[in-house]
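Chain naming here is simple, since letters A, B, ... match the order of the sequence lines and numbering starts at 1 in each. Please read these numbers as outputs of a predicted model, since none were measured by experiment.
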Protein chains: 2
Amino acid sequence: MESVNIKKLAQLLNLSIATVSKALRDSYDISQETKDKVLALAKELNYQPNPHASFLRKQNSKTIAVIIPEIANNYFTLAINGIESVAQEKGYHVIIYLSHEDFHREVAFTKLLHTGRVDGVLISVSSTTTDYTHLHQLQDKGLPIVFFDRVCEHFNTVKVTTDDYQSAYLAASHLIEQGCKRIAHLAISQSLSIGSKRAKGYLQALQDNGITPAASLLIECTNDDEQDVKLIRDLLEQQQPDGIFAAIERYAIAGYELCDLLGLNIPGDVKIISFSNLQTASLLNPSLSTITQPAFEMGREAASMLLKKLEKKNFQLPDESIVIQSKLIARKSTMK
Amino acid sequence: MESVNIKKLAQLLNLSIATVSKALRDSYDISQETKDKVLALAKELNYQPNPHASFLRKQNSKTIAVIIPEIANNYFTLAINGIESVAQEKGYHVIIYLSHEDFHREVAFTKLLHTGRVDGVLISVSSTTTDYTHLHQLQDKGLPIVFFDRVCEHFNTVKVTTDDYQSAYLAASHLIEQGCKRIAHLAISQSLSIGSKRAKGYLQALQDNGITPAASLLIECTNDDEQDVKLIRDLLEQQQPDGIFAAIERYAIAGYELCDLLGLNIPGDVKIISFSNLQTASLLNPSLSTITQPAFEMGREAASMLLKKLEKKNFQLPDESIVIQSKLIARKSTMK
DNA sequence: ATGAAAGCGCTAACAA
DNA sequence: TTGTTAGCGCTTTCAT
């Protein structure tokens, strides 16, 4: 790779390397004339500063890491869109790491970030993460971290979430309003912030409406499709719920498939509502009632905070949650 | 960021920097004893080599760029999964760039890659890209480029595609078999490789079955949802096709929504089949017949070739197409 | 207004 | 077997 570097520009212009460097950053002790010459040549040769060399001096890489559990997931792709929109605007590069819901991979990734590869980290933790020392170690090294969606509550930084408790409460309440009595919750790992909040919202809604929650109706699903199918099938067959509130889209999809298989009518036999960012929710058979998360905005907000920290020397990431509301959209799957 | 570097290790161990460096890469002229000491301390302090400093010497960043038009798209997320699986296995980092179907952004990204930020590029070009000089310039600098899905036919490198022509031919043939006479094609930009191939396959299938293709039934859709809706609506209302073959998922979704709106029955009034990697194709109302692309495998294959080139000094990327077949899955939307 | 030179962390050629 | 040193491309302080 024979690239154009400052040295070459300097040679061609009969200037010193230092002068060229300063001209490129528009330093005020370089004459306009020289600047013009330098800029013109730089443009002509498509000069790009070497980011690695810059890093060594400036200690910044203009790169951020995004660590997420998976990517074939509408929530996360929309969040990435939000993140990328901010990154592109500010000239940052985005490295994507997929933990595949595996704590050990997540730890391995963070280890790779200990030395300058990125300037900051956006993370939504894996469902098997219960220990956050790998992230604390990163933070101790001075790397800013911002959480989104699946956050660590007791971490001194910004955490961008949606109103999981409230939305779950509304989802369960909606099922009750539509006449459901035996409402099941397909929960995601209770060690996740979103898992416990959504479950709590569900439980509270039942209680507030005089329904005693049954342990047999609160199913903690997994990351394994096959196992989830078994769990949900058992639920449908043995517990005969008349309402299902799915904590994530994947569980709702499995629910649809199983109802199909078992000959259960939605919403006649069982009504379903789910946290979901599915574009085709309204085209499903029947259309799926959803709690739609502000995925793009969450990504955007998380990235904005991180980049603000990176760009403004006096700005510290506050220890606070930024909550952006979800929307409940009732469709046919919860119709009376 | 006060990180552990080689200097610090050397000081703590009373060794020279060079010795430590060699011990870390397991050089054979360092004693086992020294190696053990070095490795132990490195592990204890969680030493990570600074990638930027390494780059300056070794001219490799262990990073690849993935440039794609968009990410909220099942094909691309699956492809990224494939790419990431290879990258993770080989210890490479993946930077994602989203061109949002905009040629100028694509060019801007490639400009940023001219100086060592990445070792190689995987790209699926934007639908507004007709000029490939930005990519030739990159290649001229010695950066290996591998295309996938939306390729540039006349580019001297590996191009990973699916059998677009053949699959389109099959899709159109399938509609004919199901009794369709007036078959429309919702085409994607004809300047894209996939756009023209899919259209050609469609046209050939009609001709081979004694149907004269009508220009009014070949609609080139756009990147703008609103405009597409108008185009498809006009098609449905004015041309009354009894079959639609959509080149990409998004057009089929729009078709579903419009049939709903216009009171057209699928598959009674109009049958629909689409290139699509939608997970919920079978849950739509009615379930959608698809040509499902081997997205994961395509990403995996493209990344494998690129990394092979990066890792093996004597391997040159051949000027060839690697074609992985798609599968036609007939569902209710094309039922007789 | 311009240039010389040090140094960021690392590797590798060469010396000891 | 270990150490010294030059240099990757850049920024920045300090001369000139």
Do any N or O atoms of the protein come closer than 3.5 Å to N or O atoms of nucleotides 12-15 of chain D, and which pairs are they?
| residue | atom | partner | partner atom | Å |
| --- | --- | --- | --- | --- |
| dT12(D) | O4' | Arg57(A) | NH2 | 3.0 |

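When ring centroids are compared, Phe109(B) and His134(B) stay outside the 6.0 Å threshold. Separation of the Tyr97(B) and His93(A) ring centroids falls under the 6.0 Å cut-off.
Residue Asn5(A) places at least one side-chain N or O closer than 4.0 Å to OP1 or OP2 of dG9(D).
Nucleotide dT11(C) holds its P atom 14 Å from the CG atom of Asp26(B), rounded to whole Å. Summarising the geometry, the separation between NZ on Lys7(B) and C1' on dT11(C) is reported as 16 Å, rounded to the nearest angstrom. One atom, CG of Leu13(B), and another, C1' of dT1(D), lie 16 Å apart when rounded to the nearest Å. Put simply, CG on Asn14(A) is 12 Å from P on dA4(C), counting in whole angstrom units. When rounded to the nearest whole Å, the span between NE2 of His52(A) and C1' of dT11(D) equals 17 Å. When rounded to the nearest whole Å, the span between CD1 of Ile6(A) and C1' of dG3(C) equals 14 Å. Whole-Å rounding puts the Leu24(A) CG to dC10(D) P distance at 9 Å. Rounding to whole angstrom units, NZ of residue Lys8(A) and C1' of dC8(D) are separated by 16 Å.
A donor and an acceptor atom, one from each side chain of Gln88(B) and Arg105(A), are located under 3.5 Å apart. Tyr92(B) and Glu311(B) form a side-chain donor-acceptor contact under 3.5 Å, judged by distance and modelled atom types alone.
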Pairs under 3.5 angstrom only: tabulate donor-acceptor contacts from the side chains of residues 146-154 of chain A to other protein residues two or more places apart or in another chain.
| residue | atom | partner | partner atom | Å |
| --- | --- | --- | --- | --- |
| Arg150(A) | NH1 | Glu101(A) | OE1 | 2.9 |
| Arg150(A) | NH1 | Glu101(A) | OE2 | 3.4 |
| Arg150(A) | NH1 | Val125(A) | O | 3.0 |
| Arg150(A) | NH2 | Glu101(A) | OE2 | 3.0 |

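In this structure, Phe155(A) CZ and Ser193(A) OG are separated by 13.0 Å, a value rounded to the nearest 0.5 Å. Atom CD1 in Ile95(A) sits 7.5 Å away from atom OG in Ser61(A) (nearest 0.5 Å).
A heavy atom lying under 4.0 Å from DNA chain C marks the following residues of residues 31-49 of chain A, by number: Ser31(A), Thr34(A).
Remark: side-chain polar atoms of Ser27(A) are not paired, donor with acceptor, to backbone N or O of Ile30(A) under 3.5 angstrom. Between the side chain of Thr128(B) and the backbone N or O of Phe103(B) there is at least one donor-acceptor pair closer than 3.5 Å.
Distance from the side chain of Ser54(A) is smallest for dC10(D) among the nucleotides dC8(C), dC10(D), dT2(C). Of all nucleotides listed (dC10(C), dG9(D), dC8(C)), dC10(C) comes nearest to the side chain of Asn50(B).
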